[in-house]
Protein chains: 2
Amino acid sequence: MQPFLQRAISIFSRYNPNPDFHYNSDSWAGQNEAILNAKTRIEADLLISAKWIIPVQPEGVVLEDHCLAISGNKIIGIYSQIEADAIVDASEELQLPTHVLIPGLINTHGHSAMALMRGIADDVPLEQWLEQSIWPLEAQHVSEGFVLAGANLAIAEMVRSGTTCFADMYFYPDQVAKAALNANIRVQLASPVLDFPTVWAQDADEYISKATKLHDDYRHSELIHTAFGPHAPYTVSDAPLQKLSILAEEMDLPIHMHVHETAKEVSDALAADGRRPIERLRQLGLLSPRLVCVHATSLSDEDIDSLAEAGCHIVHCPESNLKLASGFCEVSKLNKAGINIALGTDGCASNNDLDMFSEMRTAALLAKAVAEDASALPAHQALEMATINGAKALGLENVIGSLEAGKYADITAINLDALNSTPLYNPVSHLVYSTQASQVSHVWCAGQLLLNDGSFTKLDSEAIKSDSAKWQAILADAEQ
Amino acid sequence: MQPFLQRAISIFSRYNPNPDFHYNSDSWAGQNEAILNAKTRIEADLLISAKWIIPVQPEGVVLEDHCLAISGNKIIGIYSQIEADAIVDASEELQLPTHVLIPGLINTHGHSAMALMRGIADDVPLEQWLEQSIWPLEAQHVSEGFVLAGANLAIAEMVRSGTTCFADMYFYPDQVAKAALNANIRVQLASPVLDFPTVWAQDADEYISKATKLHDDYRHSELIHTAFGPHAPYTVSDAPLQKLSILAEEMDLPIHMHVHETAKEVSDALAADGRRPIERLRQLGLLSPRLVCVHATSLSDEDIDSLAEAGCHIVHCPESNLKLASGFCEVSKLNKAGINIALGTDGCASNNDLDMFSEMRTAALLAKAVAEDASALPAHQALEMATINGAKALGLENVIGSLEAGKYADITAINLDALNSTPLYNPVSHLVYSTQASQVSHVWCAGQLLLNDGSFTKLDSEAIKSDSAKWQAILADAEQ
């Protein structure tokens, strides 16, 4: 048998949704015939033929020369070209002959409005960065208008780079919802909770009541999801944390929280009451499959055991951790402990972009060095972190995160006809180690086309850049 | 005074090439008048007006709304728009209203032909990677044709991403020279030296004689430079190293060598003869300003002192070090010791691209985490590593590495009119932390335009991709 056919069959059989049927050279002809004789034809709004499809689930599968069918806002199936020709009637067909289809990327942690602060304060230590630049700017300028303009900019950058769902923690989450609905992108809004007053609320009770109102406002939305966003163990005291734990259970919502961002956070907590932050959260009843811990550097073995036993999720933000010298997240160790690890860019002010391709690459590269093992975090795992693992952390794994019939048609196409993608032995390797976000050609969210061959279908990028320039002038003046 | 004018004057005065003259609001008008009345006019072949020019030398300067003039293969000056209008007569003018001009990037370490192995073996430990994938493939396939095709691919990728000079260590360096001359890009060929036979030579003497012949062949070339490329301390014995040291001195050539790539290299050397590799090189007389040490992980304080005292250069390859879990290069410490540190991508098989923007970002991010200091390796230093520091390591700092009158017109333009470059407080920050290589719009090498608004002027990228596909088929078959 030809090596190509061998590979094709091996790929095909791994993906076969019917475990009783195995494609092989004998049954191949029969199967085609069965399909050709099928009575029920499938109606689709769009049939995309792609050189490669990487569904992410089942794990490790790469389909060559396959088609994905969409009806309404959902994926209805993935077929070989022969199957599709035989049974699918599509209103529209799209040929992507040098492209790979993957699930829309999920950026599981960020502060979208901070896109307006991209590059305003670099190369300074975390405390100075927060206290001398970011917080004073936020105190002066954060408003509905700021958050809307920043979210518009961030969403445009995310769509352009293949992200179809993001988790956001910032003031005025209602404005982020507005921007997301306008762009038709999916978001989980972690409504902030703090002990101290800001422009958004006066005390923990007001933050929490705004969070529950936000949830009520969007409870029937297809695209807008909500969560509680207590900022960090060191900025939220015991009483509101316990309240959030109860409410999250009652309302069936995730809790999204910065946890163990730095070694100093841990040593300060130990000095304050003798407990590590994760131990305190455990005692408060916060550790559960609802808890999404962002950053998770400086973990002890006991911390890892606690998180694993409770089924907590972690969001790894490698570029932000590096840039702020926050410490290393031991991805390989956490992986071995069975903890679900998603990927996030964090806000633009500490990254300085929202590019999940760059973030996958940094995650995959860094994990190897940290584990002192070049086989740590292989490419396909990095892609899982940026897709299905994000969906799990957000509690959305039944509807997004992989290309499977019945899930929302949240899909990203990447054109691998590029010098930096040549030659091509393995598309998964290229996606993680050599793809530039500018190679993203098409993006669909809930079946709607948002990016068409590199051009926005809904967003006006000139207007967004011009709005951002206005805020730039205001913030630059403030920095003088 | 308006803040903008204040900033403009502060920027301007830092760049003033005449230390006796300072631009300020009083002298400004007089200076313009002096220029306007100047009798000698300047003839240029091309005048490029750019939104920003970052000459790299002097350090830290960002010029706004300035022009760069080229005559023949050299830069003849940088002028304010008013000065240029008054005194420059240019045959051709180019407006780059949203772009930044920087010196052409210098990729100070790589193996260009290995571009054909991009992604063929990922996520495996270094020894397995070398012994089970890379070396068997090289033993079977490396030939003149392989090296020429690989160099063509690598050079096209480098030009597309703003690199105008690269250091290359591989078999058949004459083929790389051919590819570089065809593309009009600058290269320093480190002609390989090993103790054992390969397709390129049978023993150290033959490698060395081929290296000196290569030097003779290209001694009068403007674009092709040569160096000795002993592979590593563990693959070249004392006698050839001493011979190289003498020849390098006589022929005035650099020695380009992998040194301390991993901790294992150091412990193996200690086990073998009780000396660390750098101590052995010191005793052999190799440490000097001619020696370019690639990787330099696992350095002791004594190693650093030895390298600093001798004036050796280091080439940091952060993405390759991470991907192969080779260890961390302590850039901040080396910087403090006054050692010149350049930047390289290494070969595509361990990176997997030749993108110096991504490499600058990884270097700047990683150095902070390794030094546990968010102020380590600020953006402007990362840019220096990718330009003037590379020129210093290659011994070419008098002719390339910065945008200065008298140097070759090796220039890269980047278009910052992009969502991921919005807003813009500091173009240097964006170049390092948020630019995608696809934003490179124009590239000149020795005054010749190689990339015009994203399109090659000399290279045929379709032919290069098709050649690469042929080699892909051959290598993929071998991997079965």
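Throughout, a chain's letter reflects where its sequence line sits, starting with A, and its residues are numbered from 1.
Residues I464(B) and L419(A) have side chains in contact (heavy-atom distance under 4.5 Å, counting atoms from C-beta outward). Contact annotation: the side chain of R118(A) never approaches that of L424(B) to less than 4.5 Å [non-hydrogen atoms, C-beta and beyond]. By the 4.5 Å heavy-atom criterion applied to side chains, P318(B) and L365(A) are not counted as neighbours. In this structure, L366(A) and L366(B) have side chains that are in contact, with non-hydrogen atoms separated by less than 4.5 Å. Q381(B) has its side chain out of reach of D123(A): every pair of non-hydrogen atoms, C-beta onward, lies at least 4.5 Å apart. S358(A) places none of its side-chain heavy atoms less than 4.5 Å from the side chain of S358(B). Using a 4.5 Å cut-off on side-chain heavy atoms (C-beta onward), S429(B) and D122(A) make contact. You'll find the side chain of T422(A) stays beyond 4.5 Å of the side chain of W471(B), heavy atoms only.
Closest heavy-atom contact between P125(A) and A374(B): CA-CB, 3.5 Å. Scanning both residues, D353(B) and Y433(A), for their nearest heavy atoms gives OD2-O, 3.6 Å.
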Residue pair K368(A), L324(B): steps toward the side-chain contact (heavy atoms from CB on, under 4.5 Å) verdict: CA-CA 7 Å; K368(A) 294 166 182 27; L324(B) 298 173; over 6 Å; no
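Your options are A369(B), P423(B), G327(B), and the one with the most heavy-atom pairs under 4.5 Å with chain A is P423(B). Counting heavy-atom pairs closer than 4.5 Å to chain A, the top-ranked of the candidates N321(B), N426(B), D417(B), V428(B) is D417(B). In terms of heavy-atom pairs under 4.5 Å with chain A, the best-connected choice from A364(B), C348(B), A325(B), A418(B) is A325(B). Comparing E157(B), E319(B), R160(B), K323(B) by how many heavy-atom pairs each has under 4.5 Å with chain A, the most go to K323(B).
Proximity to chain A involves both the backbone and the side chain of S468(B), based on heavy atoms less than 4.5 angstrom apart.
Heavy-atom neighbours of E372(B) CD from other residues, nucleotides or ligands within 6.0 Å: at or below the threshold of 12.
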